[in-house]
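A short worksheet on the structure shown next.
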Number of protein chains: 2
Amino acid sequence: MKKLENLSYDELLEEFKTLLKKNALKFTTQREVILKTLYENQNHFTPENLYLLVKQNYPDLNIGITTVYRTLNLLEENNIASSISFGQAGKKFELSNRPHHDHLICEKCGDIVEFHNDEIEQLQEKIANIHNFKLTDHLMQLYGICQKCQED
Amino acid sequence: MKKLENLSYDELLEEFKTLLKKNALKFTTQREVILKTLYENQNHFTPENLYLLVKQNYPDLNIGITTVYRTLNLLEENNIASSISFGQAGKKFELSNRPHHDHLICEKCGDIVEFHNDEIEQLQEKIANIHNFKLTDHLMQLYGICQKCQED
DNA sequence: CTGTGTGCAAACATTTTGCAAGCAG
DNA sequence: CTGCTTGCAAAATGTTTGCACACAG
């Protein structure tokens, strides 16, 4: 699997075009706009949110939410985007070009600190191997009280 | 928050009854049967799966899936059960009386393997310390493809 | 030109809500 | 008795599919 971390928009776009060509799929305005919107707003989007933002930013392009779903699934299947599940609240998607990180979350003030720890990631691989899983992703969130809130 | 790890069924039931009494809620056959079925099948259930199993095990009790949803939410709100999200595939629930563990989840078939790794938990503590957080909890889910699905 | 992509509406799947009847306390 | 609880049906929510027209290659 190709590593997409830290790609610029143009590089990401090339990646997307290559993938489309390889599968005899077509490069359309809708697909381009969705990728661009995801890139320009380094955020986690629900399909609905993304749909509304695209509609707002490109009012002349009469995009349908169906296309947003189809494109997000296409991007995810090809590892250009990834999603996190939220129960019946649905999924949130983000591009795969950001460096990997996990979250340390303060339960009192909601502050989020990003961190990365290779040692843990290696142990996670090891655990997956033991169970014969091919690891594709992980979610690690540590909950606690930050220093500031401990002092209050 | 009360610690429910390793409680027997009777203790769990007492916990549940106390909770119901405290909130002027009623102890019904349906609620008892749902708790019991969760306990006797130390498994992760979707509401649908649990509903079908209860129907099968108690054919005389004409239970509705609505009640299963309502009871699972009640149990979760009161920390007697907890759930994991699966995008549009919904949630899976398990009782909270079991020793701490994390989850390895197959993205294709939804199968869940439990694991526990002290080394990782110690590293998590260390990370929290570096950022001056007092750790209270964590969520760690590894996503991958299980051996069976890799073969397909 | 050919066949993929699109938007729309309808279908689906999962979960929640409104309601009248049932039953625990 | 009182009012919480239940099952049913309908609604709500989120996502996918069928179709005829549009358009990229």
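In what follows, every heavy atom counts, from backbone to side chain, and hydrogens, waters and symmetry copies are set aside. Convention: sequence-line order gives letters A, B, ...; per-chain numbering from 1.
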With a non-hydrogen cut-off below 4.0 angstrom, is [X] in contact with a base, only sugar-phosphate, or nothing?
| X | answer |
| --- | --- |
| A:N73 | sugar-phosphate |
| B:E48 | nothing |
| B:I63 | sugar-phosphate |

Measure the distance from [atom1] on [X] to [atom2] on [N] and round it to the nearest whole Å.
| X | N | atom1 | atom2 | result |
| --- | --- | --- | --- | --- |
| B:E32 | D:dT6 | CD | C1' | 16 Å |
| A:Q30 | D:dA22 | CD | C1' | 10 Å |
| A:K17 | D:dA24 | NZ | P | 13 Å |
| A:F45 | D:dG14 | CZ | P | 17 Å |
| B:N49 | C:dT14 | CG | P | 10 Å |
| A:I65 | C:dG5 | CD1 | C1' | 17 Å |
| B:R70 | D:dC4 | CZ | P | 14 Å |
| A:L20 | D:dG25 | CG | C1' | 12 Å |

Phosphate-side-chain proximity, A:Y69 and D:dT16, N/O vs OP1/OP2 below 4.0 Å: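 For D:dT16, neither OP1 nor OP2 has a side-chain N or O of A:Y69 closer than 4.0 Å.
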Under the side-chain hydrogen bond (donor to acceptor under 3.5 Å, both in side chains) test, residues paired with A:T136 that sit two or more places apart: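 Expected list: B:E107.
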Qualifying residues under side-chain hydrogen bond (donor to acceptor under 3.5 Å, both in side chains), relative to A:D118, sequence neighbours excluded: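 Expected list: A:H116.
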Derivation of the ring-ring contact (aromatic ring centres under 6.0 Å, His included) call for A:Y39 and A:Y9: CA-CA 7 Å; A:Y39 184 83; A:Y9 177 64; 5.4 Å; yes
Proximal nucleotide (of D:dT6, C:dT17, D:dT17) relative to the B:R31 side chain: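 When the side chain of B:R31 is considered, D:dT6 is the closest of D:dT6, C:dT17, D:dT17.
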Proximal nucleotide (of C:dG18, D:dT15, C:dA9) relative to the A:T66 side chain: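 In terms of side-chain proximity for A:T66, the closest of C:dG18, D:dT15, C:dA9 is C:dA9.
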Distance-only donor-acceptor check, side chains B:E15 and B:T18, under 3.5 Å: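 No, no side-chain donor-acceptor pair sits under 3.5 Å.
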Between B:H131 and A:Q147: side-chain donor-acceptor atoms closer than 3.5 Å: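 Checked: B:H131/A:Q147 side chains show no N/O donor-acceptor pair below 3.5 Å.
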Sorted by number, the residues of residues 51-62 of chain B with heavy-atom contact under 4.0 Å to DNA chain D: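 B:N62 - these, ordered by number, are the residues of the stretch whose heavy atoms sit under 4.0 Å from the strand.
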For residues 47-63 of chain B, dump all side-chain donor-acceptor pairs below 3.5 Å to protein atoms at least two apart in sequence or in another chain.
{"residue": "B:N49", "atom": "OD1", "partner": "B:T46", "partner atom": "OG1", "Å": "2.9"}
{"residue": "B:N49", "atom": "ND2", "partner": "B:T46", "partner atom": "OG1", "Å": "3.4"}
{"residue": "B:Y51", "atom": "OH", "partner": "B:K55", "partner atom": "NZ", "Å": "3.1"}

Would you tabulate the nitrogen or oxygen pairs shorter than 3.5 Å linking the protein to nucleotides 22-25 of chain C?
{"residue": "C:dA24", "atom": "N3", "partner": "B:K26", "partner atom": "NZ", "Å": "3.1"}
{"residue": "C:dG25", "atom": "OP1", "partner": "B:F27", "partner atom": "N", "Å": "3.4"}

For B:G144 against A:F133, the heavy-atom pair lying closest together: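 Closest approach of B:G144 to A:F133, heavy atoms only: C-CD2, 4.1 Å.
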Sub-6.0 Å ring centroid separation between B:H138 and B:H100: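 Distance test on ring centres: under 6.0 Å, yes.
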Residues forming a salt bridge (Lys or Arg N to Asp or Glu O under 4.0 Å) with B:E32, sequence neighbours excluded: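 Applying salt bridge (Lys or Arg N to Asp or Glu O under 4.0 Å) to B:E32 gives none.
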